[in-house]
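Have a look at the structure below, then the notes.
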Amino acid sequence: MTEQSTSEQSTSASTSASTSASTPAPASASSAQATRTDDAPRRVAVVTGGSRGIGRESAERLAADGFAVVVNYAGNRTEAEAAVAAITAAGGEAFARQADVADEAAVAALFDAAEETFGGVDVVVHAAGVMALAPLAELELDTLDRMHRTNIRGTFVVDQQAARRLREGGAIINFSSSVLSLALPGYTAYAATKGAVEAMTLILARELRGRDVTVNAVAPGPTATALFLDGKDEETVARMAAQPPLERLGTPQDIAEVVSFLAGPARWVNGQVLRANGGIV
């Protein structure tokens with residue numbers, strides 16, 4: 001059985017969650033300001049699983065788009081601080097905050113920190129998740145429960161806070177996976193959690209009627225991140241890269257472009273799952 005963390009929820013990387021409800025103060029607040037001197041307040045994004053992989057790339061892309069960013073992480077403070085440093089070095093505003101996405105008190109504290117530092121929240125990119133691979137007949141139920149807690153409960157908890165707190169004109173961006181349509185052997189449990197994410201996404205979009213808040217999910221295909229490539233030989237990587245009509249793996253930048261679109265100009269895209277996979281399915 002292979003187990004790995006994923007931030008894009010397809011075949012790539014971020015964090016699993018296991019922390020207490022009492023979360024520490026922001027790990028960094030470089031360049032963060034509670035108020036701004038210009039007329040229009042800066043829009044604010046919370047990115048879970050923002051320390052690595054697609055989560056980090058999305059955080060940096062949104063910062064480049066003009067967002068102040070809260071980089072959430074589960075346990076890798078060093079990587080989260082590196083993401084903040086990259087954002088602030090480019091002139092952006094960001095801080096890192098630890099939280100277990102399945103812990104409702106920790107997630108509430110994460111949103112509190114965003115509001116206290118930046119004045120509110122406009123966009124939530126929920127990229128945190130875990131993936132364990134094994135045939136259904138062989139998967140340990142404890143492993144299934146762990147994926148359920150992070151991927152399903154975690155999405156519910158994060159989306160619940162987002163639904164309660166996002167300002168008008170906001171966006172919730174969840175992560176599913178194109179493996180849901182590929183139906184690859186070994187992905188039964190993981191794909192089941194992503195099916196739940198898609199169901200939550202479609203229904204929440206309708207529950208937020210009248211709020212001017214969009215809810216969508218991104219479903220990446222095979223994406224070239226460190227954890228996706230780890231443990232795969234060149235032949236396996238080449239075979240997977242050849243499957244899409246575009247004949248390459250996706251990159252975190254490819255997926256971050258979709259996140260940027262949904263977070264900004266895509267106001268008429270709502271209640272959808274965008275399969276960003278190069279045409280593999």
Side-chain angles (χ1 to χ4, degrees), residues 1-21 48-55 72-76 98-107 110 124-162 172-204 217-223 225-232 236 240 255 273 275 277 280-281:
M1 180 176 70
T2 300
E3 182 169 358
Q4 62 188 112
S5 299
T6 63
S7 68
E8 50 274 69
Q9 310 312 338
S10 169
T11 44
S12 50
S14 183
T15 58
S16 64
S18 58
T19 62
S20 66
T48 70
S51 63
R52 301 174 63 193
I54 286 175
N72 162 252
Y73 66 99
N76 198 327
Q98 189 275 337
D100 172 357
V101 295
D103 183 327
E104 65 271 28
V107 172
L110 171 67
V124 171
V125 179
H126 179 46
V130 295
M131 177 171 67
L133 304 181
L136 183 148
E138 300 173 12
L139 187 75
E140 296 289 338
L141 292 182
D142 285 348
T143 302
L144 174 65
D145 291 342
R146 189 159 59 251
M147 276 196 290
H148 184 285
R149 182 180 187 277
T150 299
N151 297 355
I152 299 179
R153 179 186 169 94
T155 300
F156 196 99
V157 169
V158 171
D159 282 9
Q160 186 174 70
Q161 287 297 318
I172 299 170
I173 304 166
N174 292 322
F175 271 84
S176 180
S177 170
S178 287
V179 76
L180 201 60
S181 298
L182 288 168
L184 297 174
Y187 284 80
T188 307
Y190 177 71
T193 69
K194 296 295 108 181
V197 170
E198 292 193 7
M200 280 186 270
T201 298
L202 303 185
I203 295 170
L204 182 57
V218 182
T223 304
T225 60
L227 285 184
F228 168 68
L229 298 172
D230 186 38
K232 293 182 175 65
T236 299
M240 298 189 76
I255 311 306
V273 178
R275 306 207 180 281
N277 56 36
I280 195 171
V281 64

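This chain uses plain numbering: 1 for the first residue, then up along the sequence.
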| query | Any side-chain heavy-atom pair from V101 and T150 closer than 4.5 angstrom? | reply | yes
| field | CG-CG distance between L144 and D142, expressed to the nearest 0.5 angstrom | value | 9.5 Å
| remark: Taken to the nearest 0.5 Å, the spacing of T155 OG1 from Q160 CD works out to 12.5 Å
| Has the side chain of T223 got a donor or acceptor atom that lies under 3.5 Å from a matching backbone atom of G221? | yes
| message | Any donor-acceptor pair under 3.5 Å linking the side-chain atoms of N174 with those of T201? | response | yes
| query | When rounded to the nearest 0.5 angstrom, what is the spacing between OG1 in T48 and CZ in F175? | reply | 8.5 Å
| query | Hey, is R149 close enough to D100 for a salt bridge, meaning N to O under 4.0 Å? | reply | yes
| query | Can you check side chain to side chain contact (heavy atoms under 4.5 Å, CB included) on H126 and I172, steps first, answer last? | reply | CA-CA 8 Å; H126 179 46; I172 299 170; over 6 Å; no
| remark: In short, S178 meets A219 closest at the heavy-atom pair OG-O, 2.7 Å
| field | Non-hydrogen atoms of G49 and A128 that approach each other most closely | value | N-CB, 3.7 Å
| Atom pair OH/CG of Y187 and L182 - distance to nearest 0.5 Å | 9.0 Å
| Closest approach of N151 to G129 (non-hydrogen atoms, all atoms of both residues) | OD1-CA, 3.3 Å
| request: Mind listing the closest non-hydrogen atom pair of M147 and A132 along with its distance? | output: SD-N, 3.3 Å
| query | Distance from N72 atom CG to L110 atom CG, nearest 0.5 Å? | reply | 5.0 Å
| remark: Nearest heavy-atom approach of L180 to A191 is CD1-O, 2.9 Å
| query | Looking only at heavy atoms, what is the nearest atom pair of R153 and A102, with distance? | reply | NE-O, 2.7 Å
| field | Euclidean distance, M240 CE relative to I280 CD1, rounded to 0.5 Å | value | 6.5 Å
| task | For L136, check side-chain contact (heavy atoms from CB on, under 4.5 Å) against everything at least two apart and list the hits. | result | T188
